[in-house]
Participant: 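Can you read through this structure? Questions will come right after.
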Amino acid sequence: MPKFEELEAHSSCHVHSLSTPITPVPSNLIAKRYSILQRLGRGSFGTVYLVQDTRARDGEKLKVLKEIPLGDLRPNETVHASQEAQLLSQLHHPAIITFYSSFLHRDSFCIITEYCEDRDLDCHLEEVREAGQSLPETQVTDWLIQLLLGLHYMHNRRILHRDLKAKNIFLKRNIVKIGDFGVSCLLMGSCDLATTFTGTPYYMSPEVLNHHGYDSKSDIWALGCILYEMCCLSHAFEGHNFLSVVMKIVEGETPRLTASYSLELNTLMQRMLEKTPSSRLSAAEALKTKFIEDSMQILKHKFCSLTLRDKTSAGERDAAQILKAVQRKVHLQTLREKSELDRMTPRERMRLRKLQAADDKARRLRRLAEEKYQENHFRMQELRSLHFEKVSLDVLNESAGDAVHQTAPIPSENYRSLGCSQPMGRQQQDKMRMSEPVGREIPEDPQTAEVYYYMDGFESCTDEEEEEREEGDTLTSETLCHTYGQDSDLEAMMRHMEQVLEGELSVAEAVPEEGQCVPMGPPVINSTMAETRIQRMTESVSRRLGLTVFQRVYNYLKGARERQEDEGSIRQALSSLVERPSDGFEVDQLLYYEEQLQGAREGAREVAREVAREGAREGAREGAREGAREGAREVSREGAREGAREGAREGAR
Ligand SMILES: Nc1ncnc2c1ncn2[C@@H]1O[C@H](COP(=O)(O)OP(=O)(O)OP(=O)(O)O)[C@@H](O)[C@H]1O
């Protein structure tokens, strides 16, 4: 049962459409600021919602809320997780989904993160597969570089992902972002059980399956699997059932990419899929390979021209706005010249006021255009100085040149001649938004009209022209906002690439050892999370197969595993129970999880028993020691008494 009111159900692989924005109801706010817009989906541990942050600035309002039910946990048991969440919220990288905050809401642990409107990589790959297409190598390497940069950033800070998979990678315009970084660790701690339950079988590394512990190289293994998936649109290690996948990962051959991808990319992937962690590349080492460095140069140029183009087109839009304002102004100015002030009717006066408003507008737009022009100019100079001659030329020819020409023919003197003086700040611009009076006539009496205009702040224009102008204004400011957000990610990504290219990257990456990743969830959340995962999985498989079939498959597989039947006979038996033997995959995985949890519980009970036994032994020892001490004391007391009595007797004698 969903805890939060869901306004719209949502299938995971559909574009998140928000055609009808939902106005938040203040009384329904979660943590006094988030209102649920729609449900994005349900994962193994919790439910994911798109929310509106009523306290955030425009353009940053949409966020994601992950609600993780904590069952019967007491609030103080989650304090540790909240503290670790604080740590995560201080980390920022454009390839990592921003972790804003976490809090407790009723009996759930809630996490607020950045929202990625372009869905996850898994959905994207499914679409490509369905369309019978494939991803070009440049696209694959562009994404791989960004993912390596993100991994390197987190690994350097001793944070492991533990559940890297295509479903945890999100697309946001031109960049990819890793989701849930550190979250599994936060909730599950870092023990072996946590690794088993947070990992997804297809991406699990040999060392994890062999219970040799998880480290940063296990994340690299998962990324190698994702790289294979981006190229071949199927899992790197596939099998009919859970155990056959495990066998392939642990003992099978390292897969190869198809011939349509370069040898260099194939070699890189194979080095990321080395079975021995010490022979496997780290993120820093992968970033320093020649293939990645060369591809990174190209990606950096691409990002450079993208930000430039964004800014240029914003400049073009501004220029168009200015042109419109100028035309309108010329028209109004003619009106002004024709009329003498004292002979004006109120309507004419109104027009004059509008003229003044147009002046202000033109001045603001001119300023914006000048700023944009300067920015573009500065970036172009930057580009040249970095010797990216080819790119600079392309950019100048393709777009910047156009924009410069479009912006340049409206030199600032033209506006000055229209009587503009002081430029206007952004806040003032916002205040200057016009309000539309509805159904109000302008009074004909000049004095009354003056008061009327004053009350309306001189901006009460109902003309269609003004409406258009208003629409144009809104568009401009929104586009600028949008461009800024996008640019900041692209620019941050470029900075990270520059660091690598300029050799500011330590290849001897601080590799977190098992159990050393920053967040260490308390064990009590740990086993609750494991139980939740088992429960969710049981629900989902029994829904898919039907309860009766699920029970049959479950009972058969449980017996078969106990009898240690071979894979061939298991496959044959499964084919009579389910349509495809692969349908039994999740049941198999479920049995494996149950076994692991059972083992962990028995381990914990054994530890508790041992502690109790040791306590009893220690108590007995202490008792014996105390008894001995008491005995000795009694003996010495008795001796003293006897001595005294003997002394007295002797004295009497
Ligand atoms: N930051 C986000 N922006 C946009 N969509 C998201 C975001 N986080 C999650 N989603 C979507 O919400 C759904 C559920 O995500 P969640 O991460 O809980 O589960 P999952 O990755 O499908 O499974 P698991 O919990 O096993 O990792 C998915 O469809 C995912 O694409």
Side-chain angles (χ1 to χ4, degrees), residues 2-4 6 8-18 34 36-53 60-69 88-89 93-102 108-127 150 161-173 175-188 194-204 219 222 225-226 229 485 489 529-541 585-586 589-590 593:
K3 296 241 169 24
F4 302 137
E6 287 162 25
E8 194 182 329
H10 186 263
S11 138
S12 63
C13 268
H14 289 110
V15 180
H16 305 152
S17 76
L18 278 176
Y34 304 104
I36 304 274
L37 297 183
Q38 63 179 206
R39 189 175 116 148
L40 294 176
R42 195 166 180 237
S44 321
F45 297 113
T47 311
V48 179
Y49 299 91
L50 174 65
V51 294
Q52 183 170 32
D53 181 355
E60 291 173 14
K61 284 196 181 297
L62 291 184
K63 289 182 182 159
V64 159
L65 185 153
K66 205 164 202 174
E67 178 225 2
I68 301 140
L88 289 179
S89 65
H93 190 282
I96 308 289
I97 286 202
T98 306
F99 184 105
Y100 290 114
S101 61
S102 68
S108 294
F109 186 64
C110 297
I111 293 171
I112 301 288
T113 66
E114 180 183 354
Y115 171 55
C116 294
E117 61 273 24
D118 296 332
R119 299 157 305 137
D120 58 62
L121 181 65
D122 189 61
C123 289
H124 185 75
L125 294 182
E126 198 180 304
E127 268 177 19
H161 193 290
R162 287 174 176 267
D163 192 16
L164 208 54
K165 56 182 173 180
K167 261 195 154 303
N168 272 336
I169 290 169
F170 296 88
L171 308 176
K172 192 167 183 176
R173 284 163 273 175
I175 49 185
V176 284
K177 287 175 180 273
I178 306 174
D180 283 353
F181 223 118
V183 171
S184 61
C185 218
L186 177 85
L187 298 170
M188 298 280 294
T195 304
T196 306
F197 280 90
T198 48
T200 306
Y202 295 112
Y203 305 87
M204 278 186 184
D219 275 349
C225 295
I226 293 169
E229 219 174 315
D489 266 351
M529 290 297 139
E531 280 159 19
T532 309
R533 176 140 204 185
I534 289 181
Q535 191 191 332
R536 296 245 163 144
M537 215 166 158
T538 310
E539 281 165 16
S540 124
V541 188
F585 188 97
E586 277 178 285
Q589 193 185 344
L590 187 64
Y593 281 172

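Sequential numbering from 1 along the given sequence is applied to the chain's residues. Just follow the structure's listing: the first ligand is 1, and inside any ligand the first atom is 1.
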Participant: Can a non-hydrogen atom of Lys165 be found less than 4.0 Å from any atom of ligand 1?
Facilitator: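 Lys165: in contact with ligand 1 (<4.0 Å).
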Participant: Check Ile97 against ligand 1 and report side chain, backbone, both or neither, counting heavy atoms closer than 4.0 Å.
Facilitator: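 The answer is the side chain of Ile97.
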Participant: Among Thr98, Asp163, Leu62, Val48, which one puts a heavy atom closest to atom 15 (O) of ligand 1?
Facilitator: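 Nearest heavy atom to atom 15 (O) of ligand 1 lies in Val48.
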Participant: For Cys116, is at least one N or O under 3.5 Å away from an N or O on ligand 1?
Facilitator: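 Among all N and O atoms of Cys116, at least one is under 3.5 Å from an N or O of ligand 1.
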Participant: Please say whether Asp120 places an N or O atom under 3.5 Å from an N or O atom belonging to ligand 1.
Facilitator: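 Asp120 vs ligand 1: N/O contact under 3.5 Å present.
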Participant: Which atoms of ligand 1 have any heavy atom of Asn168 under 4.0 Å away?
Facilitator: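 Counting atoms of ligand 1 from 1, those under 4.0 Å from Asn168 are 21 (O).
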Participant: Do Lys63's NZ or CZ and the ring of Tyr100 fall within the cation-pi criteria of under 6.0 Å and 45°?
Facilitator: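 Ring-cation test returns yes.
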Participant: Between His161 and Asp180, does the side-chain contact (heavy atoms from CB on, under 4.5 Å) criterion hold? Intermediate values first, please.
Facilitator: CA-CA 7 Å; His161 193 290; Asp180 283 353; 4.1 Å; yes
Participant: Does any non-hydrogen side-chain atom of Ile169 lie less than 4.5 Å from one of Asp120?
Facilitator: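 Heavy-atom side-chain distance check fails, nothing below 4.5 Å.
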Participant: Please verify whether a non-hydrogen atom of Glu117 lies at under 4.0 Å from ligand 1.
Facilitator: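 No heavy atom of Glu117 comes that close to ligand 1.
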Participant: When you check the side-chain N and O atoms of Glu229 and Tyr203, is any donor under 3.5 Å from an acceptor?
Facilitator: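 Judged by distance alone, the side chains do pair up.
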Participant: Do Ile97 and Cys116 have side-chain heavy atoms sitting under 4.5 Å apart?
Facilitator: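 The answer is yes, as the side chains (C-beta and beyond) meet within the 4.5 Å cut-off.
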Participant: Please indicate whether any nitrogen or oxygen in Arg42 is less than 3.5 Å from any nitrogen or oxygen in ligand 1.
Facilitator: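 Between Arg42 and ligand 1, no N or O pair is found under 3.5 Å apart.
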Participant: Looking at Glu67 and Arg42, is there a salt bridge between them, counting it only when a charged N and a carboxylate O are closer than 4.0 Å?
Facilitator: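 Looking at Arg42 and Glu67, the cut-off is not met.
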Participant: Output the list of atoms in ligand 1 that are nearer than 4.0 Å to some heavy atom of Asp180, sorted by atom number.
Facilitator: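 Listed by number with element, the hits are 17 (O).
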Participant: With a heavy-atom distance limit of 4.0 Å, tell me whether Leu50 approaches ligand 1 through its side chain, its backbone, both, or neither.
Facilitator: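 The answer is neither.
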Participant: Could you tell me which atoms of ligand 1, counted from 1 in the order shown, lie closer than 4.0 angstrom to a heavy atom of Lys66?
Facilitator: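 Counting from 1, the qualifying ligand atoms are 16 (P), 17 (O), 18 (O).
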Participant: Can you find a pair of side-chain heavy atoms, one from Val176 and one from Phe170, that are under 4.5 Å apart?
Facilitator: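 They are not in contact (no side-chain heavy atoms under 4.5 Å apart), so the answer is no.
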Participant: May I ask whether Glu114 places a heavy atom under 4.0 Å from ligand 1?
Facilitator: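 Yes, Glu114 has heavy atoms under 4.0 Å from ligand 1.
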Participant: Report yes if the side chains of Leu40 and Tyr115 come closer than 4.5 Å at any heavy-atom pair, otherwise no.
Facilitator: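 Contact flag for Leu40/Tyr115 side chains = yes.
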